[in-house]
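A quick write-up on the structure given underneath.
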Amino acid sequence: MSFPLLTLTAAVPAVGAILTAAVPAARRTAAKWVALTVSLVTLVLAGLVFARFEPGGDRYQLVESHSWIRDFGVRYELGVDGIGVALIALTALLIPFIILAGWHDADPLETSSKRWRPTQGFFALILMVEAMVILSFEATDVFLFYILFEAMLIPMYFLIGGFGDRAHSGSDENAAAQRSYAAVKFLLYNLVGGLIMLAAVIGLYVVAGNFSLTEIAEARANGTLEMASSTEKWLFLGFFFAFAVKAPLWPLHTWLPNAMGEATAPVAVLITAVVDKVGTFAMLRFCLGLFPEASKWATPAIIVLALISIVYGALLAVGQRDIKRLVAYASISHFGFIILGIFAMTSQGQSGATLYMVNHGISTAALMLVAGFLISRRGSRLIADYGGVQKVAPVLAGTFLIGGLATLSLPGLAPFVSEFLVLVGTFARYPVAGIVATTGIVLAALYVLVLYQRTMTGPVKEEVRAMPDLRPRELAVVAPLIAVLLFLGVFPKPLTDVVNPAVRHTMSDVQRTDPTPEVPVQNVEAAK
């Protein structure tokens, strides 16, 4: 057996979560350093996974396979393709910054209520989510993936409900009630999706006789697995529904604005930049890989839903008065682009969708974390409570602007490359859908620039006059994220080299080829 690098990459944050939770209650700072150190070790291991992956090699690499539940054919089976490698790298990169940004978010509150916030638990839960997300990107056994898909809801529920945003306009009781509502809504939506997926997982086992993604794909290719068209469609819908809730796709998106609005800024980043990527990743790996014909059958309807998400999310972002909810609705629009790229069924669209997952994670992290620093200074999430911040905190305003420009996919920043590829891939097969999707670009410019204008420019409001600029710890969070946005904006090749071979495999699964460009034949002699 080769060295179990994939298992180790997920096991380190899992063990780190236990160690962090075990730190004595009085030693909060020690718990923070343990969590940060563990996240950095995980980042190094993810770097090794990235370095050892060979883009021109086998589809699934660094494979580990062990019998788990023999009677039901369940295996502990891991393997990564280029898409999984890219998302593991994204997850491992963001967690240290999430921990640094939330350094004081779980410290005890000095209020009359004397409510205790268990610091150790906060950071332990973040590490546990990291472990489950990384393992879900590695799992090639459908049942193992399902267990992880559902289990990650538990730590996320406590992170949303137990460690909410302190910048709340209402009373402590009202704030607690809204956090509880957001956490329960998040849990119920995702649990319903997971239960429907469980029925589909059982149905897949009845048809295929095992849960191994590679064995099922091989059986389909060899013609030894026969699946009726109606059966394949029902199983596809069961999987897709769960992934669409997680993604989140309209109209299954309504839990996201509540969850991101009531969570702390680092936890909001964990939701939309890390956990939600499991949904779009699973569409590529499981929906298209296991049910190619049903995927093509459902494509027109899914493209319509993706377009609605793009336009609807952007329009609601324009009208938001709450900074964090604005970012949440912007994310719904961006996830629409990702799903559009996946189901455009072109290599440019799927490469762009995968890059979009990575770039959206980085850009949203940059914007939301700076927004969190801003909100913690003023104590309000309302846009109307700000004004003239760039005059008193120019570095904060500047980083906020860069994060916003990345969100609207400004050329030169990483999201531009992915959004351009998604639109090119969509235009190639569905030109009308591509035209509709471009309206999302215009609306993104509107909500980002209006947000910046209302918060950062104009007269300095009295409440922000004494606002301090970014501190060294906060700069250590934001500066590397901006550097990555700039680097991938001008040189995305390290990611595209890894992603493109995996996309070719996915295109082969659904037996699709890129449309031939329709170039008019020119009469050279006539031109002369």
Should the heavy atoms of other residues, nucleotides or ligands under 6.0 Å from [atom1] of [X] be counted, would the total exceed 12?
X      : atom1 : answer
Arg27  : CZ    : no
Arg52  : CZ    : no
Arg465 : CZ    : yes

Is a side-chain N or O of [X] found less than 3.5 angstrom from the main chain of [Y], in a donor-acceptor match?
X      : Y      : value
Ser309 : Trp250 : yes
Tyr386 : Ser380 : yes
Lys461 : Ala384 : yes
Glu419 : Phe416 : no
Glu463 : Arg378 : no
Gln320 : Leu316 : yes

Who are the ring pair (Phe, Tyr, Trp, His ring centres under 6.0 Å) partners of [X], not counting sequence neighbours?
X      : answer
Tyr329 : none
Phe240 : Phe236, Phe343
Trp68  : none

Enumerate, atom names and distances included, each donor-acceptor pair closer than 3.5 Å involving a side-chain atom of residues 80-95, sequence neighbours excluded.
| from | atom 1 | to | atom 2 | distance (Å) |
| --- | --- | --- | --- | --- |
| Asp81 | OD1 | Ile83 | N | 3.4 |
| Asp81 | OD1 | Gly84 | N | 2.9 |
| Asp81 | OD1 | Arg285 | NH2 | 3.4 |
| Thr91 | OG1 | Leu87 | O | 2.9 |

**Study point:** Pairwise ring pair (Phe, Tyr, Trp, His ring centres under 6.0 Å) hits with a residue in residues 18-47, at least two apart
**Key:**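 Listed once each, the pairs are Trp33-Trp103.
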**Study point:** All pairs passing side chain to side chain donor-acceptor pair (under 3.5 Å) where residues 388-407 contributes a residue, at least two apart
**Key:** Gln390-Tyr452
Check your understanding: How would you list all residue pairs meeting side chain to side chain donor-acceptor pair (under 3.5 Å) that involve residues 140-161, not counting sequence neighbours?
Key ->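 Of all non-adjacent pairs touching residues 140-161, those that pass side chain to side chain donor-acceptor pair (under 3.5 Å) are Glu77-Thr140.
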Check your understanding: What is the minimum heavy-atom distance between Ile160 and Ala259, and which atoms define it?
Key -> CD1-CB, 4.0 Å
Exercise for review: Of all the heavy-atom pairs spanning Leu36 and Pro96, show the shortest one and how long it is.
Suggested key: CD1-O, 3.9 Å
Revision key, fill the gap. Applying side chain to side chain contact (heavy atoms under 4.5 Å, CB included) to Asp322 and not counting sequence neighbours gives Lys324, Arg325, Arg381
Check your understanding: Can you name the side chain to side chain contact (heavy atoms under 4.5 Å, CB included) partners of Pro494, sequence neighbours left out?
Key -> Phe487, Phe491
Check your understanding: Does the pair Leu153 and Phe186 meet the rule for a side chain to side chain contact (heavy atoms under 4.5 Å, CB included), with working shown?
Key -> CA-CA 8 Å; Leu153 301 179; Phe186 162 82; 3.8 Å; yes
Check your understanding: Do Phe158 and Phe163 make the cut of ring centroids closer than 6.0 angstrom?
Key ->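 Phe158 vs Phe163: aromatic centres not under 6.0 Å.
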Point to revise | Ring centre gap for His360 and Phe335 strictly below 6.0 Å | key: yes
Quiz: residues 5-13 side-chain donor-acceptor pairs under 3.5 angstrom, not counting sequence neighbours:
| from | atom 1 | to | atom 2 | distance (Å) |
| --- | --- | --- | --- | --- |
| Thr7 | OG1 | Glu64 | OE1 | 2.4 |
| Thr7 | OG1 | Tyr76 | OH | 2.7 |
| Thr9 | OG1 | Leu5 | O | 2.7 |

Point to revise | All pairs passing salt bridge (charged side-chain N to carboxylate O under 4.0 Å, His left out) where residues 474-499 contributes a residue, at least two apart | key: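 Applying salt bridge (charged side-chain N to carboxylate O under 4.0 Å, His left out) to every pair that reaches into residues 474-499, excluding sequence neighbours, yields Arg377-Glu474, Arg471-Glu474, Lys493-Asp497.
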**Study point:** Of all pairs that satisfy salt bridge (charged side-chain N to carboxylate O under 4.0 Å, His left out), the ones with a partner from residues 29-46, not counting sequence neighbours
**Key:** Lys32-Asp107
Practice item. Please state whether the rings of Phe286 and Phe243 are parallel, tilted or perpendicular, taking 30° and 60° as the class boundaries. Key: tilted
Check your understanding: Do Thr280 and Tyr356 get their side chains close enough for a donor-acceptor pair, meaning under 3.5 Å?
Key ->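 The criterion, which ignores hydrogens and geometry beyond distance, is not satisfied for Tyr356 and Thr280.
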Exercise for review: Show the numbers, then the answer: is there a side chain to side chain donor-acceptor pair (under 3.5 Å) between Arg75 and Ser67?
Suggested key: CA-CA 5 Å; Arg75 301 185 64 82; Ser67 180; 4.7 Å; no
